[in-house]
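Comments concern the structure below.
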Amino acid sequence: MSEKKEILLSVKGLSTHFYTERGIAKAVQQVSFSISRGKTFALVGESGCGKSVTALSVMRLVPYPPGRIVSGQVIFRGQDLLSLSGRRMRQIRGDRIAMIFQEPMTSLNPVFTVGDQIMEVLKLHQKKSAKQARFDAIDVLNKVGIDAPAQRVDEYPHQMSGGMRQRVMIAMAVSCVPDLLIADEPTTALDVTIQAQILDLLDDLQKQNNMSILLITHDLGVVAERADDVAVMYASRVVETSNAKTLFAEPLHPYTQGLLKSLPSLGFQGKRLNTIPGSVANPLDFPTGCKFHPRCPLGVSDKRCQTQEPQLKEVSPGRCVACWKAPGYEVQK
């Protein structure tokens with residue numbers, strides 16, 4: 001008998017638009033997925049597909065104007081985050097849900113020491129005294145693998161390397177032991193060795209605290225190694241969801257298949273890598289029908305693909321896809 005999963009976060013029909021002088025950019029449309037407690041859920045896709053905006057929407061950090069969450073629910077521990085007051089959301093943000101942003105140098109304040117910035121989180125959410133907050137800040141810096149934490153706690157971000165700044169960002173995020181950690185491209189600017197160390201660190205912290213992780217990335221190698229479940233996004237929508245092993249063994253959506261075929265493999269030296277033709281659709285001017293059809297070998301000449309947009313639909317237990325041509329996808333009436 002399989003163990004029942006406890007759903008920590010459930011995103012339902014989330015849509016976020018940006019109102020610009022050139023029109024409405026529909027960055028996220030009808031996105032739905034669930035994250036189980038203690039598991040890693042990866043949100044993958046090309047740059048510009050809506051991954052980061054989805055994360056900012058969950059955190060209610062979409063800048064307004066021009067952005068606005070126009071519909072949907074974000075159910076976290078039984079309550080809809082989108083219906084909470086700004087004050088209540090600020091209490092949850094940084095405490096129960098924390099986020100690691102893409103670029104630590106722009107996320108850390110250059111005029112405060114890293115210790116001050118971690119201590120501020122602890123004093124705000126945990127009501128710690130200055131003395132206890134400093135002790136805890138040194139402790140969490142030690143936990144994230146920063147050498148000489150009692151010295152580093154008084155240093156400024158510019159005195160640290162990129163890898164160390166990323167560790168400081170993780171220390172800030174996990175200092176209050178959140179239930180959910182959102183990691184937005186946490187290793188993009190780091191070299192391969194530091195990337196592995198950061199990801200191992202997140203794994204260790206997850207196991208220690210039974211923490212859930214929403215991992216936003218375009219690196220499918222990281223997804224294959226680290227994720228339990230995956231949602232693939234294309235042009236503002238989720239086009240496929242599955243557990244990671246099944247997705248890599250048998251991708252259903254042509255876009256997912258294209259992503260996996262474009263991965264380099266052993267012995268590829270001297271050979272051209274496979275690519276998906278064309279580029280991601282402009283959110284100000286999405287194509288009609290399936291948004292992937294202009295780049296899809298199956299949909300480029302199919303009238304239904306060009307005129308009718310398929311909705312995300314369960315085709316087998318735990319597997320959803322939005323493609324008229326996918327096995328098991330029946331025409332909706």
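Residues: numbered from 1 along the sequence shown.
For the atom pair CG of Leu312 and CZ of Arg237, the computed distance is 9.5 Å after rounding to the nearest 0.5 Å. To the nearest 0.5 Å, the span separating CD on Gln206 from OG1 on Thr40 amounts to 3.5 Å.
Residues Leu252 and Pro327 have side chains in contact (heavy-atom distance under 4.5 Å, counting atoms from C-beta outward). Side-chain contact between Leu61 and Phe101 is present, with at least one heavy-atom pair separated by less than 4.5 Å. For the pair Asp147/Arg152, no side-chain contact is recorded, criterion being any heavy-atom separation below 4.5 Å from C-beta on.
A salt bridge between Asp116 and Lys123 is absent, with no side-chain N of the basic residue lying under 4.0 Å from a carboxylate O of the acidic one. Between Asp200 and Arg226 a salt bridge is recorded (basic side-chain N to carboxylate O distance below 4.0 Å). Taking 4.0 Å as the cut-off between side-chain N and carboxylate O, Asp229 and Lys39 do not count as a salt-bridged pair. Using a cut-off of 4.0 Å between Lys/Arg side-chain N and Asp/Glu carboxylate O, Asp203 and Lys207 are scored as not salt-bridged.
Across Tyr255 and Met233, no two heavy atoms sit closer than the pair CE2-O, 3.4 Å. For Asn210 against Gly38, the heavy-atom pair with the smallest separation is OD1-CA, 3.4 Å.
Ring planes of Phe41 and Phe33: parallel class, angle under 30° (limits at 30 and 60°). The aromatic rings of Tyr156 and His158 lie parallel to each other, with less than 30° between the two planes, well short of the 60° mark.
Summarising the hydrophobic clusters (Ile, Leu, Val, Met, Phe, Trp, Tyr; side-chain heavy atoms under 4.5 Å, direct or chained), the residues clustered with Val280 are none.
Counting heavy-atom neighbours within 6.0 Å of Tyr19 OH, excluding the residue itself, gives a total above 12. Atom NZ of Lys26 has 12 or fewer heavy atoms from other residues, nucleotides or ligands within 6.0 Å.
Tyr329 carries Lys313 over the face of its six-membered ring, with the cationic atom under 6.0 Å from the centre and within 45° of the normal.
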